[in-house]
Amino acid sequence: MKILARNREEKSSKMPGKILALILSATMFITPRFSVFAAPTGPGASPETERYDAATLARLQDNRIEYDEIPDLVHEYNPDISKAWNTYKNSREDFAKVVTEMESQQQVVKDLADQYVSLGQLTGSQLLVSTGRQLDKGYKGMIQGMRDTYNKWETNRQNTSAIRRAERQVIAGTQSAMIGYETMRQNIATLQTMVQLYEKQADMMGRMMSLGMATGTDLASANSSLLAARSQLMSLENQQESVRRTFCMLLGYDPETQPEICPIPEFDMSRLEGMNLEEDTRKAIGNNYTLISQRTSAKGNTNDQVAARSRMIEEGDQKLIIEMQRLYQEVQDKQAAYQAAQTGFAAAELNQEASERQYQLGLLSEAQYIGAQLAYYQKKAAKESANLNLLQAMENYDWGVLGFAVVSD
């Protein structure tokens with residue numbers, strides 16, 4: 001009996017250490033770890049083909065960037081996000097090795113557990129019997145839990161929470177970058193046309209001045225407008241190139257490859273129909289990362305600490321309610337501005353058509369015609385800008401519902 005007990009003690013002293021090491025090794029793979037800096041992957045690398053149908057996959061690799069592709073492009077090709085997912089997926093195989101090693105020890109653990117049960121039955125020790133049975137059951141349960149973790153690796157929301165949150169933040173930032181780029185592109189196109197019109201206006205004023213039909217002040221005013229438009233155009237073109245390069249890198253493109261950045265379509269007004277401030281605010285409170293952190297913080301050990309925590313949570317909820325109201329109102333304001341800009345542009349189109357006919361018939365002077373052209377392009381630019389402002393406001397609201405609304409200190 002003493003020999004049996006000594007052997008059992010030796011095994012029990014060795015096995016927990018090995019098992020513990022395996023368990024610690026396993027837990028290392030559960031928390032995602034990734035480097036902030038990673039080499040660009042870029043469209044052209046192999047995405048997760050099982051995620052997409054053939055048509056979508058072809059769109060992702062066609063060297064054309066469309067606004068609705070941003071979430072998939074970020075997931076697949078953003079240097080940091082794609083690296084994070086790859087690291088997480090690769091660690092799945094390392095985790096599998098730990099599970100296999102633990103499964104190989106299952107019979108050894110069962111033998112040890114049986115010895116505890118046998119010894120407990122011989123000595124009448126219920127504690128030893130219970131210990132043996134719990135050891136066997138606990139080890140089997142731990143292996144099953146790890147096996148479940150392995151099988152659900154790709155969809156484990158808790159383990160992928162940090163990556164998914166970072167990905168959403170990058171998507172939001174990339175959408176804003178593309179909206180900013182599109183705004184600049186439209187403004188540049190408008191300014192290019194305006195420069196041409198101001199050049200005509202300045203040339204016309206010079207001719208009229210030589211004929212005594214305009215003053216030096218008129219010519220100076222025309223030249224001032226021309227110089228201002230040229231200066232704005234040059235500045236905007238420089239800014240656009242900087243935004244373009246940043247935008248490309250966010251999606252894993254080498255900016256030098258000059259991928260085609262497609263125009264953003266007209267805002268889909270049906271998105272406004274899905275807005276419900278009360279319901280969306282409840283969702284935002286449940287999703288908001290700052291509030292989740294507050295709700296899961298330590299409750300405290302004293303009544304004062306508990307009360308302070310409760311106040312913090314309540315204040316956080318109230319701040320988010322106010323922020324969601326602000327985001328909602330911003331969408332309403334941008335919608336109203338867009339509708340007004342549409343009305344103004346529709347009127348400008350009618351005036352444009354009328355001025356074209358009148359100019360061709362000789363009923364409109366060149367100065368009047370150029371003025372009408374300038375007014376038309378200004379209204380056109382206002383409508384395009386209002387469209388993008390509404391889109392950005394809608395995106396901000398939707399991201400707020402998903403948990404990214406700012407809860408100020």
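Here the structure is a predicted model, which is why all the values come from computation and not from measurement.
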Undergrad: What closest approach, in Å, do P79 and L250 show between heavy atoms, and which atom pair accounts for it?
TA: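 For P79 and L250, the tightest heavy-atom pair comes out as CD-O, 4.3 Å.
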Undergrad: Counting only N and O atoms by type, is there a donor-acceptor contact under 3.5 Å from the side chain of S293 to the main-chain atoms of Y289?
TA: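 Not a single qualifying donor-acceptor pair exists.
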Undergrad: Has the side chain of R59 got a donor or acceptor atom that lies under 3.5 Å from a matching backbone atom of E66?
TA: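 Flag not set: sc R59 to bb E66 has no pair under 3.5 Å.
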Undergrad: So among I313, N288, T290, which one has a side-chain contact (heavy atoms from CB on, under 4.5 Å) with R295?
TA: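 The single option meeting the side-chain contact (heavy atoms from CB on, under 4.5 Å) with R295 is I313.
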Undergrad: How many angstroms lie between OG in S224 and CG in L219, if you round to the nearest 0.5 Å?
TA: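 Here the rounded value is 11.0 Å.
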Undergrad: Can you tell me if T87 uses its side chain to pair, donor with acceptor, with the backbone of K83 under 3.5 Å?
TA: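 Yes; at least one donor-acceptor contact below 3.5 Å.
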Undergrad: Is there a donor in the side chain of Y359 and an acceptor in the side chain of E366, or the other way round, less than 3.5 Å apart?
TA: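 Checked: Y359/E366 side chains show no N/O donor-acceptor pair below 3.5 Å.
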Undergrad: Counting only heavy atoms not in M312 (residues, nucleotides, ligands), do more than 12 fall under 6.0 Å from its CE?
TA: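 Atom CE in M312 is packed in, count exceeds 12.
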Undergrad: Within this structure, what is the CG-OH distance for the pair L73 and Y67, rounded to the nearest 0.5 Å?
TA: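 Answer rounded to 0.5 Å: 13.0 Å.
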Undergrad: Short question: side chain of R244, backbone of P255 - any donor-acceptor pair under 3.5 Å?
TA: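 Yes; judged by distance alone, with no hydrogens or angles, the pair exists.
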Undergrad: Do other residues, nucleotides or ligands put more than 12 heavy atoms under 6.0 Å from the CD atom of E278?
TA: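 For E278, atom CD is not crowded (no more than 12 foreign heavy atoms under 6.0 Å).
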Undergrad: Could you check whether any side-chain N or O of S221 sits under 3.5 Å from a backbone N or O of D218, counting only pairs where one atom can act as donor and the other as acceptor?
TA: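 No: the side chain of S221 does not pair with the backbone of D218.
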Undergrad: Can you list the steps and then say if Q392 with N396 is a side chain to side chain donor-acceptor pair (under 3.5 Å)?
TA: CA-CA 6 Å; Q392 184 64 75; N396 292 342; 3.0 Å; yes
Undergrad: Answer yes or no: is there a donor N or O on one side and an acceptor on the other, between the side chain of S242 and the main chain of N238, under 3.5 Å?
TA: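 Side chain of S242 to backbone of N238: no pair is present.
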Undergrad: Do the side chain of N86 and the main chain of S82 share a donor and acceptor less than 3.5 angstrom apart?
TA: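 Here the side-chain-to-backbone pair exists.
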Undergrad: On the six-membered ring of F404, is R168 placed so that its NZ or CZ lies under 6.0 angstrom from the centre and within 45° of the ring axis?
TA: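 The answer is no, since R168 fails at least one limit relative to F404.
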Undergrad: For the residue pair P263 and E182, what are the closest heavy atoms and their distance?
TA: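 Closest approach of P263 to E182: CA-OE1, 3.6 Å.
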Undergrad: Apply side chain to side chain donor-acceptor pair (under 3.5 Å) to Q239 and S235, showing your working.
TA: CA-CA 6 Å; Q239 293 176 42; S235 175; 3.1 Å; yes
Undergrad: Within the distance-only criterion (no hydrogens, no angle test), does the side chain of N387 pair as donor or acceptor with the backbone N or O of K383 below 3.5 angstrom?
TA: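 Absent.
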Undergrad: So, using side-chain contact (heavy atoms from CB on, under 4.5 Å) as the criterion, who are the partners of V117 when residues are at least two apart?
TA: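 Once residues adjacent in sequence are excluded, the partners of V117 under the side-chain contact (heavy atoms from CB on, under 4.5 Å) criterion are Q121, V129, R133.
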Undergrad: What pairs meet the side-chain hydrogen bond (donor to acceptor under 3.5 Å, both in side chains) rule with one or both residues in residues 192-205, with sequence neighbours excluded?
TA: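 Listed once each, the pairs are E199-R230, D203-R207.
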Undergrad: Can you label the angle between the W85 ring and the H75 ring as parallel, tilted or perpendicular, going by 30° and 60°?
TA: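 Taking H75 first and then W85, their aromatic rings sit tilted (interplane angle of 30° to 60°).
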Undergrad: Within a radius of less than 6.0 Å around CD of Q258, do more than 12 heavy atoms belonging to other residues, nucleotides or ligands occur?
TA: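 It does: Q258 CD has more than 12 such atoms within range.
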Undergrad: Verify side chain to side chain donor-acceptor pair (under 3.5 Å) between Y328 and D280, making sure each step is shown before the conclusion.
TA: CA-CA 10 Å; Y328 181 86; D280 291 340; over 6 Å; no
Undergrad: Side-chain donor-acceptor pair under 3.5 Å between Q342 and Y338, yes or no?
TA: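 Yes, a side-chain donor-acceptor pair sits under 3.5 Å.
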Undergrad: Quick one: do Q329 and Q325 satisfy side chain to side chain donor-acceptor pair (under 3.5 Å)? Show the steps, please.
TA: CA-CA 6 Å; Q329 187 59 49; Q325 290 172 342; over 6 Å; no
Undergrad: For the pair S385 (side chain) and A381 (backbone), establish whether a donor and an acceptor sit closer than 3.5 Å, ignoring hydrogens and angles.
TA: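 Absent.
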Undergrad: In terms of side-chain heavy atoms, does Q368 have a donor or acceptor partner in S365 at a distance below 3.5 Å?
TA: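 The criterion, which ignores hydrogens and geometry beyond distance, is satisfied for S365 and Q368.
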Undergrad: Just by distance, do the side chain of N287 and the backbone of V401 share a donor-acceptor pair under 3.5 Å?
TA: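 Checked: pair present.
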Undergrad: Could you state the interatomic distance from CD (Q115) to CG (L119), rounded to the nearest 0.5 Å?
TA: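 These two atoms lie 9.0 Å from each other.
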